[in-house]
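Step one of this worksheet: look at the structure below.
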Amino acid sequence: MASQGSTRRPKYQRIADALKAAIRSGEYGPGDRLPGENDLMATYDVARMTARQALGVLQNEGLVEARKGAGVFVRAFKPLRRRGIERLAQEQWGAGRSIWSADTEDRELVVDQIDVREQQVGDRFADVLGIAAEERVWARSRRFVLDGKPVLVATSYLPSTLVADSAITRADPGPGGIYARLTDLGYAPVHFREEIRCRMPSADEAERLLLSLGTPVIQIVRTAFAEGGRAVEVNDMTLDSASYVLEYDFDAH
């Protein structure tokens with residue numbers, strides 16, 4: 001018998017709970033199609049809007065994805081565990097490994113879009129980098145695709161006065177990535193700061209990340225500092241929230 005608390009929950013929430021239970025039990029596995037709006041209307045004797053809201057709950061929680069003209073399917077993608085501290089350790093990039101290898105393990109990560117150009121920094125990150133808005137930076141924009149799914153778009157900004165004519169201005173900066181090259185230039189990162197917030201995506205972000213309707217993104221802005229507190233890079237990252245688990249493991253001091 002349903003508890004009084006459960007009966008007070010809106011119908012769409014109760015339908016969503018039932019569908020989530022069916023997914024957890026294995027009745028619907030990864031890649032399986034869920035009952036559509038018409039099926040839910042008939043099964044639960046509800047209006048179309050209620051059925052749509054129930055499916056929307058599962059989409060917003062990242063459990064399912066809508067495929068235009070085909071229906072709603074259980075997500076087959078395994079979320080990526082982003083180890084926020086371990087991935088930035090110097091022994092990672094200092095040994096010539098990509099910082100992304102700490103997250104992906106043996107899964108295939110591909111950068112399928114990359115654009116490297118010199119431009120004005122603008123107002124947004126000028127203060128962080130300690131330069132004037134009209135000064136030049138090298139901007140490295142990339143899209144990362146994991147197991148065939150876009151999961152992240154990111155743009156790094158580095159002062160031209162530090163990195164001009166270095167490998168950082170090329171599409172492939174070499175083993176260890178830009179942090180290893182900054183070290184070569186005498187500006188090894190010794191401290192990082194990340195600011196994190198969740199929001200809804202812009203139209204461009206939704207298109208580049210192939211996001212289902214209603215899926216929010218996680219925005220992470222990371223600043224890398226060299227010895228003496230000089231900011232040497234700002235990286236503006238937009239993550240598909242349904243594709244990531246953010247993990248931070250640190251000692252209490």
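- Within 6.0 Å of the NZ atom in Lys20, the count of heavy atoms belonging to other residues, nucleotides or ligands exceeds 12.
- The two residues Ile114 and Ala171 come nearest to each other via the heavy atoms CD1-O, 3.3 Å.
- In plain terms, the two heavy atoms of Pro189 and Phe192 that are nearest each other are CB-CZ, 3.6 Å.
- Taking a cutoff of 4.0 Å between a charged side-chain nitrogen and a carboxylate oxygen, Arg67 and Glu65 qualify as a salt bridge.
- Salt bridge status for Asp115 with Arg140: absent, with no side-chain N to carboxylate O gap under 4.0 Å.
- Hydrophobic clustering keeps Leu129 apart from Ile220 (ILVMFWY residues linked when any side-chain heavy atoms are closer than 4.5 Å, directly or through intermediates).
- Glu205 has a carboxylate O that lies under 4.0 Å from a charged side-chain N of Arg199, or vice versa, which qualifies the two as a salt bridge.
- Linking ILVMFWY residues whenever their side-chain heavy atoms come closer than 4.5 Å, directly or via other members, places Val46 and Leu19 in the same cluster.
- If you take CG on Leu182 and CG on Leu158, they are separated by 6.0 Å, rounding to the nearest 0.5 Å.
- Neither Val128 nor Val232 shares a network with the other; the hydrophobic side chains, linked directly or stepwise wherever heavy atoms of I, L, V, M, F, W or Y lie under 4.5 Å apart, form separate groups for each.
- The ring pair (Phe, Tyr, Trp, His ring centres under 6.0 Å) pairs that include a residue from residues 15-45 number zero, where partners must be two or more places apart or lie in different chains.
- The hydrophobic clustering, which links ILVMFWY residues whose side-chain heavy atoms are closer than 4.5 Å, places Met237 and Ile168 together.
- No donor-acceptor pair closer than 3.5 Å links the side chain of Arg48 to the backbone N or O of Glu37.
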TODO: Check step by step if side chain to side chain contact (heavy atoms under 4.5 Å, CB included) holds for Val64 and Leu55.
DONE: CA-CA 8 Å; Val64 303; Leu55 292 171; 6.0 Å; no
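- Within the 4.5 Å cutoff, the side chain of Phe125 has heavy atoms near those of the Val221 side chain.
- Counting heavy atoms from C-beta outward, Val151 and Tyr244 have side chains that approach closer than 4.5 Å.
- Remark: Arg181 engages Asp184 in a salt bridge, criterion side-chain N to carboxylate O under 4.0 Å.
- In summary, Asp112 and Arg142 do not engage in a salt bridge, as defined by a charged side-chain N under 4.0 Å from a carboxylate O.
- Annotation: Glu207, atom CD; neighbour count of heavy atoms from other residues, nucleotides and ligands within 6.0 Å does not exceed 12.
- Taking all atoms of both residues into account, the shortest heavy-atom contact from Ala126 to Ala132 is CB-C, 4.0 Å.
- Separating the CG atom in Asp240 from the CG atom in Leu152 is a distance of 10.0 Å, to the nearest 0.5 Å.
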Task: Full working for salt bridge (charged side-chain N to carboxylate O under 4.0 Å, His left out) between Arg222 and Asp236 - done: CA-CA 7 Å; Arg222 181 176 68 237; Asp236 185 17; over 6 Å; no
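- Note that CG of Leu211 and CD of Gln59 are 11.5 Å apart. Values are rounded to the nearest 0.5 Å.
- The main-chain N or O of Leu40 is never found under 3.5 Å from a side-chain atom of Thr43 such that the two would form a donor-acceptor pair.
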TODO: Before giving the answer on side-chain hydrogen bond (donor to acceptor under 3.5 Å, both in side chains), spell out for Ser160 and Glu135 the whole-Å C-alpha distance, their side-chain angles and the decisive distance to 0.1 Å.
DONE: CA-CA 8 Å; Ser160 293; Glu135 288 194 44; over 6 Å; no
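- With hydrogens and angles disregarded, no donor-acceptor distance shorter than 3.5 Å links the side chain of Ser141 to the backbone of Thr155.
- Between Gln219 and Glu195 there is no side-chain heavy-atom pair separated by less than 4.5 Å.
- Evaluated for a side-chain contact (heavy atoms from CB on, under 4.5 Å) with Val137, the options Glu118, Gln119, Arg117 yield exactly one hit, Gln119.
- For the residue pair Thr169 and Ala164, the shortest heavy atom distance occurs at CG2-CA, 4.4 Å.
- To the nearest 0.5 Å, atoms CG (Leu162) and CD1 (Ile131) are separated by 8.5 Å.
- Nearest heavy atoms, Gly71 versus Arg33: CA-NE, 4.1 Å.
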Task: Working for side chain to side chain contact (heavy atoms under 4.5 Å, CB included), residues Lys149 and Ser243 - done: CA-CA 9 Å; Lys149 184 191 184 311; Ser243 296; 3.6 Å; yes
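- The CH2 atom of Trp138 sits 14.0 Å away from atom OG of Ser156, with the distance rounded to the nearest 0.5 Å.
- In this model, a donor atom of one side chain and an acceptor atom of the other lie less than 3.5 Å apart for Tyr179 and Glu233.
- In plain terms, the two heavy atoms of Pro216 and Pro201 that are nearest each other are CA-CD, 4.2 Å.
- No more than 12 heavy atoms of other residues, nucleotides or ligands shown are found within 6.0 angstrom of CG on Asp123.
- The side-chain heavy atoms of Val217 and Leu209, taken from C-beta on, include a pair separated by under 4.5 Å.
- Contacts of Phe225 classified as ring pair (Phe, Tyr, Trp, His ring centres under 6.0 Å), with partners at least two apart in sequence or in another chain: His191.
- Linking Ile, Leu, Val, Met, Phe, Trp and Tyr whenever their side-chain heavy atoms come within less than 4.5 Å puts Ile15 and Leu58 in one cluster.
- For Arg143 (side chain) and Val111 (main-chain N/O), no donor-acceptor pair under 3.5 Å exists by modelled atom type.
- The distance from the CG atom of Leu210 to the OG1 atom of Thr215 is 11.0 Å, given to the nearest 0.5 Å.
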